> 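Mind having a look at this structure? Questions to follow.
Since this is a predicted model, take the numbers as computed values, not measurements. So that the names make sense, note that chain A is the first sequence line, chain B the second, and so on, each numbered from 1.
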Amino acid sequence: MRWTRTFIHTLRHDPSDAEVVSHRLMARAGMIAKVAAGIYNYLPLGLRSILKLEAIIREEMAAAGSTELLMPAVTPAELWQESGRWIKYGPELLRLKDRHDREFCFGPTHEEVVTDVVRRAIRSYRQLPVNLFQIQTKFRDEIRPRFGLMRGREFIMKDAYSFHADAGDLDIAYRAMEAGYRRIFERCGLSYTQVEADTGNIGGSESHEFMVLADTGEDAIISCTCGYGANVEKAHTGALPGPPAWPKPLPAKPEPVSTPDTKSVEDVAAFLGLAPAHLIKTMIFETDQEFVAALIRGDREINEVKLKNVLDCTHLQLASQEKIEKVTGGPHGFSGPVGLTEIRIIADPTVMAMPVAATGANAADTHLVGVVPGRDFEPALVADINLATPGDPCPLCDRAMEERRGIEVGHIFKLGTKYSEPMHCTFLDAEGEEKPCIMGCYGLGVGRTIAAAVEQNNDDRGIVWPLPLAPYEVVLVLLNADKEEVVSVADELYGKLEAAGVEVLYDDRPERPGVKFNDMDLIGFPVRVVVGKKGLGDGNVEISLRRDRERRMTPVSDTVQAVTALLDELRSELAS
RNA sequence: CGGGGUGUAGCGCAGCCUGGUAGCGCACCUGCCUUGGGCGCAGGGGGUCGGAGGUUCAAAUCCUCUCGCCCCGACCA
């Protein structure tokens with residue numbers, strides 16, 4: 001392709017709204033352009049990278065046993081009402097009405113639609129398993145879209161869904177998808193990790209996320225050298241060290257102590273001559289259906305995602321000071337579980353393991369000392385609601401874990417019968433009994449993966465594309481567009497490279513060298529071939545790789561061979 | 001939705017406080033010049049100052065409302 005016949009327009013300045021490096025560079029390189037908040041044009045250069053990733057995905061999905069279909073972007077409300085998500089999904093679901101006032105939504109994901117597809121066709125266990133995928137534009141009306149393709153409202157996603165007669169068969173498909181995802185990210189040349197994940201609003205049992213590692217990633221990953229890794233939202237820890245020995249005499253029953261103006265755990269502990277780990281922190285939360293008191297040891301924090309799952313609620317937030325006072329009878333900062341009978345108490349196991357503790361007394365400026373969990377209060381529920389932090393022991397091997405950051409590019413779930421049951425997607429088993437299909441679902445953010453690749457591969461001059469995702473593998477740069485003898489050599493080289501099957505962009509613009517070189521570095525084509533009168537004087541062109549920018553002078557006649565050899569070298573690096 | 005900010009040429013910004021000719025850099029057009037890392041000189045085109053209302057002799061500037069966008073928190077591929 002000749003540059004002058006395509007549509008590539010680079011920006012000299014950073015767009016003022018671009019915050020992260022991938023957004024900045026993709027916008028400047030003329031790959032994407034914003035149309036509205038969280039909604040982008042994929043310009044020709046950007047689309048090429050997207051299509052390359054899609055091609056890899058299609059190959060690996062086929063290898064994993066999934067078949068492509070395409071479902072509608074606009075889907076009727078009825079399907080969502082059947083699953084219950086018309087209510088549960090909330091304002092993130094973009095709802096539309098047609099001219100007859102019938103309700104639709106722009107699909108944010110397609111469990112309902114695909115379940116409908118399958119239930120119309122499947123009658124018998126003999127027809128299972130089914131495994132379908134699509135690459136589709138989705139829309140989620142995010143509260144705060146940002147970071148370009150990383151967190152758009154409209155975005156391209158590959159989503160796959162599998163249907164099985166039993167859990168064992170689901171596991172086979174799940175493992176195949178898991179392996180397929182690993183191959184996809186490996187083939188892209190990305191550094192990534194696979195972690196245990198929370199299932200979020202989609203629901204289900206087992207779940208893994210695929211994270212491209214980048215310091216700018218929005219997700220925190222807790223991991224151990226033994227291979228354990230989990231999203232911090234989900235991460236467990238091994239047995240935490242217990243609190244230090246109780247430093248004072250033990251009262252026979254909880255004893256109120258005046259603690260004026262001490263609200264934070266640190267203040268109270270210092271005031272009482274105790275360690276933070278001697279206190280029980282009591283947090284009052286408000287959900288869509290109730291108030292609850294969540295109990296955690298004073299030196300730890302509550303993991304709100306875990307808590308939300310334990311409570312099985314849609315919304316969860318800290319209660320306001322007024323509401324705390326109403327529910328507990330005491331002001332904010334002095335809540336405690338003793339005598340708290342109006343609301344459910346959820347306690348972390350570390351709290352129940354405390355032999356004795358200090359807590360708020362649900363009264364102004366007062367704490368209770370000598371509270372014994374299980375004797376002085378009984379929680380409605382004991383569940384892990386502890387937030388894992390770096391340095392905590394690994395649940396598998398007890399070594400200290402570390403925290404890294406990543407960009408979630410893939411998420412796979414075992415859904416079970418969450419959709420098949422309410423939507424009656426059933427089959428007859430060998431005994432003639434009607435059963436709901438066991439389902440799995442497998443998402444992969446296409447645009448986000450491209451953005452993550454940029455996030456991971458750039459320098460101060462621009463993008464450094466990994467070969468498999470580069471919009472073009474090779475750029476041929478004509479330096480002296482007004483010198484006929486230079487042009488004719490470049491034209492001829494362009495023809496030969498194309499004939500040899502090299503994916504080449506020919507920069508035939510009559511621009512100054514500086515402009516061209518800067519554009520090439522910004523866009524980040526892996527291989528650059530420069531034809532200029534200076535090199536040509538010695539019968540040479542200059543070949544360089546974007547990643548090291550080392551220039552090798554090569555005789556014109558050897559160019560095609562040298563370029564293909566370089567490409568082969570880059571490919572074999574990826575394969576190894 | 002809550003809190004903070006911003007909207008002036010295609011892009012990046014100044015001007016606003018203290019009302020009075022709408023500006024700068026880049027990009028664009030013409031000519032000359034230059035040509036291996038964003039040249040130089042000269043000339044030129046381009047604006048409902050986000051929108052509506054108000055105050056005023058006079059509003060980009062002050063006031064009110066409204067819309068878009070951005071940043072900080074809860075969602076997610």
> Verify the distance criterion only: is there a donor paired with an acceptor across the side chains of A:E196 and A:N231 at less than 3.5 Å?
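Their side chains do not contain a donor-acceptor pair, so the 3.5 Å distance test is not met.
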> Using a cut-off of 4.0 Å on non-hydrogen atoms, how would the nucleic acid contact of A:D482 be classed: base, sugar-phosphate, or nothing?
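A:D482: base contact, heavy atoms under 4.0 Å.
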> Hey, does A:R153 reach any base, or is it just sugar-phosphate, or nothing, if we go heavy atoms under 4.0 Å?
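It contacts nothing in the nucleic acid.
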> Is A:S16 near enough to B:U6 that one of its side-chain N or O atoms lies under 4.0 angstrom from OP1 or OP2?
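False: A:S16 side-chain N/O out of range (4.0 Å or more) of B:U6 OP1/OP2.
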> Just call it for A:E19: base, sugar-phosphate, or nothing, with non-hydrogen atoms closer than 4.0 Å on any strand.
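Sugar-phosphate contact only.
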> Tell me: CD of A:E209 to P of B:A77, nearest whole Å?
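Rounded to whole Å, this separation is 7 Å.
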> Working to the nearest 0.5 Å, report the span between CD1 of A:I407 and OH of A:Y192.
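Going from CD1 on A:I407 over to OH on A:Y192, the span is 15.5 Å.
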> Can you find an N or O donor on one side and an acceptor on the other, under 3.5 Å apart, linking the side chain of A:R28 with the base of B:G12?
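Looking at the base of B:G12, it does not pair with any donor or acceptor on the side chain of A:R28 (distance under 3.5 Å).
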> Between B:G4 and B:A77, how far apart are the C1' atoms? Round to whole Å, please.
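Rounded to whole Å, the distance is 29 Å.
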> So, OP1 or OP2 of B:C75: does either fall under 4.0 Å of a side-chain N or O from A:R140?
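No, outside the criterion.
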> Rounding to the closest angstrom, what is the interatomic distance between B:U56 and B:A14 at atom P?
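After rounding to an integer number of Å, I get 32 Å for this pair.
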> Regarding A:K323 and A:E286, does a basic nitrogen lie under 4.0 Å from an acidic carboxylate oxygen?
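Counted as a salt bridge, because a side-chain N and a carboxylate O are separated by less than 4.0 Å.
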> Which residue lies toward the 5' end of RNA chain B, A:V409 or A:L522, if each is placed at its nearest nucleotide?
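Checking each residue's closest nucleotide, the 5'-ward one belongs to A:L522.
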> Let's see if you can work this out: which of B:C72, B:C26, B:G37 has an atom nearest to the side-chain heavy atoms of A:R144?
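My answer, after comparing the listed nucleotides, is B:C72.
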> Using a cut-off of strictly less than 4.0 Å, decide whether A:R151 has a side-chain nitrogen or oxygen near OP1 or OP2 of B:A77.
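A:R151 to B:A77 OP1/OP2: no side-chain N or O under 4.0 Å.
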> Take the protein atom CG of A:L43 and the nucleotide atom P of B:C11, then report the distance between them rounded to whole Å.
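Going from CG in A:L43 over to P in B:C11 covers 14 Å.
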> Does A:R12 make a side-chain N or O approach to OP1 or OP2 of B:C26 shorter than 4.0 Å?
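For B:C26, OP1/OP2 do not have a side-chain N/O of A:R12 under 4.0 Å.
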> What is the nucleic acid contact for A:G152, judged by heavy atoms within less than 4.0 Å: base, sugar-phosphate only, or nothing?
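Answer is base: heavy atoms of A:G152 come under 4.0 Å of a base.
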> For the CG atom on A:D215, are there more than 12 heavy atoms of other groups (residues, nucleotides or ligands in this structure) within a distance under 6.0 Å?
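Count not over threshold, so no.
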> Decide, applying a 5.5 Å centre-distance limit and a 30° plane-angle limit (both strict), whether A:F155 stacks on B:A77.
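So A:F155 counts as stacking on the base.
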> Between B:G37 atom C1' and A:N480 atom CG, what is the distance in whole Å?
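For the pair A:N480 CG and B:G37 C1', the rounded distance is 13 Å.
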> In residues 46-61 of chain A, which residues come under 4.0 Å of RNA chain B by heavy atom?
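Within residues 46-61 of chain A, no residue comes under 4.0 Å of RNA chain B.
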> Under a 3.5 Å limit for both distances, which nucleotide forms a Watson-Crick or G-U wobble pair with B:G73, could you say?
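Per the H-bond distance test, B:C1.
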> For B:A77, does either OP1 or OP2 sit under 4.0 Å from a side-chain N or O belonging to A:H411?
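Looking at the OP1 and OP2 atoms of B:A77, one of them is under 4.0 Å from a side-chain N or O of A:H411.
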> Is it true that the side chains of A:E209 and A:Q194 contain a donor and an acceptor less than 3.5 Å apart?
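On atom types as modelled, these side chains do not qualify, holding no pair under 3.5 Å.
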> Need to verify one output field. Residue with the more 5' nearest nucleotide on RNA chain B, A:R448 or A:P145?
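In this pair, the answer is A:P145.
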> What does B:C24 pair with, Watson-Crick or G-U, if both distances are under 3.5 Å?
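With both distances under 3.5 Å, B:C24 matches B:G12.
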> Does A:R95 make a cation-pi contact with A:W86 (under 6.0 Å, within 45 degrees of the axis)?
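Verdict for A:W86: a cation-pi partner in A:R95.
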> Find the distance between CG (A:L45) and CE (A:M31) and round it off to the nearest 0.5 Å.
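So the gap between those two atoms works out to 5.0 Å.
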> What integer distance in Å separates A:R146:CZ from B:G73:P?
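It works out to 6 Å between those atoms.
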> Nearest whole angstrom, please: distance from the P of B:C70 to the CG of A:D17.
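Between P of B:C70 and CG of A:D17: 6 Å.
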> Suppose you measure atom C1' in B:U18 against the same atom in B:U61; what distance do you get, rounded to whole Å?
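To the nearest whole Å, 10 Å.
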> Is there a Watson-Crick or G-U wobble partner for B:G7 with both distances under 3.5 Å, and if so, which one is it?
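With both distances under 3.5 Å, B:G7 matches B:C67.
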> A:Y506 pairs by ring-ring contact (aromatic ring centres under 6.0 Å, His included) with which of A:Y494, A:Y472, A:W3?
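Only one of A:Y494, A:Y472, A:W3 forms a ring-ring contact (aromatic ring centres under 6.0 Å, His included) with A:Y506, namely A:Y494.
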> Using the P atom as the point on both nucleotides, what is the distance between B:G44 and B:A59, in whole Å?
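My reading of the P atoms in B:A59 and B:G44 gives 30 Å.
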> Answer yes or no on whether A:K414 is positioned over the face of A:Y174, meaning its NZ or CZ is under 6.0 Å from the six-membered ring centre and within 45° of the axis.
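Relative to the ring axis of A:Y174, which defines the angle, A:K414 lies inside both limits.
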> Any chance you could measure A:K308, atom NZ, to A:E233, atom CD, to the nearest 0.5 Å?
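The distance works out to 9.5 Å.
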> Any strand counts, and the cut-off is 3.5 Å on both contacts for Watson-Crick or G-U wobble. Which nucleotide pairs with B:A42?
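Across all strands, the one nucleotide that pairs with B:A42 is B:U30.
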> Give me the residues of residues 525-536 of chain A where at least one heavy atom lies under 4.0 Å from an atom of RNA chain B, by number, or none.
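The stretch gives A:R528, A:V530, A:G532, A:K534, A:G535 as the residues lying under 4.0 Å from the strand, ordered by number.
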> Going by side-chain hydrogen bond (donor to acceptor under 3.5 Å, both in side chains), A:Y419 matches just one of A:R85, A:E111, A:E112. Which one?
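The passing option is A:R85.
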> Contact class for A:L11 vs. all strands (heavy atom < 4.0 Å): base, sugar-phosphate, or nothing?
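No contact.
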> Does a distance-only test, which skips hydrogens and angles, find a donor-acceptor pair under 3.5 Å between the side chain of A:D521 and the base of B:G37?
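Checked by distance alone, the answer is yes.
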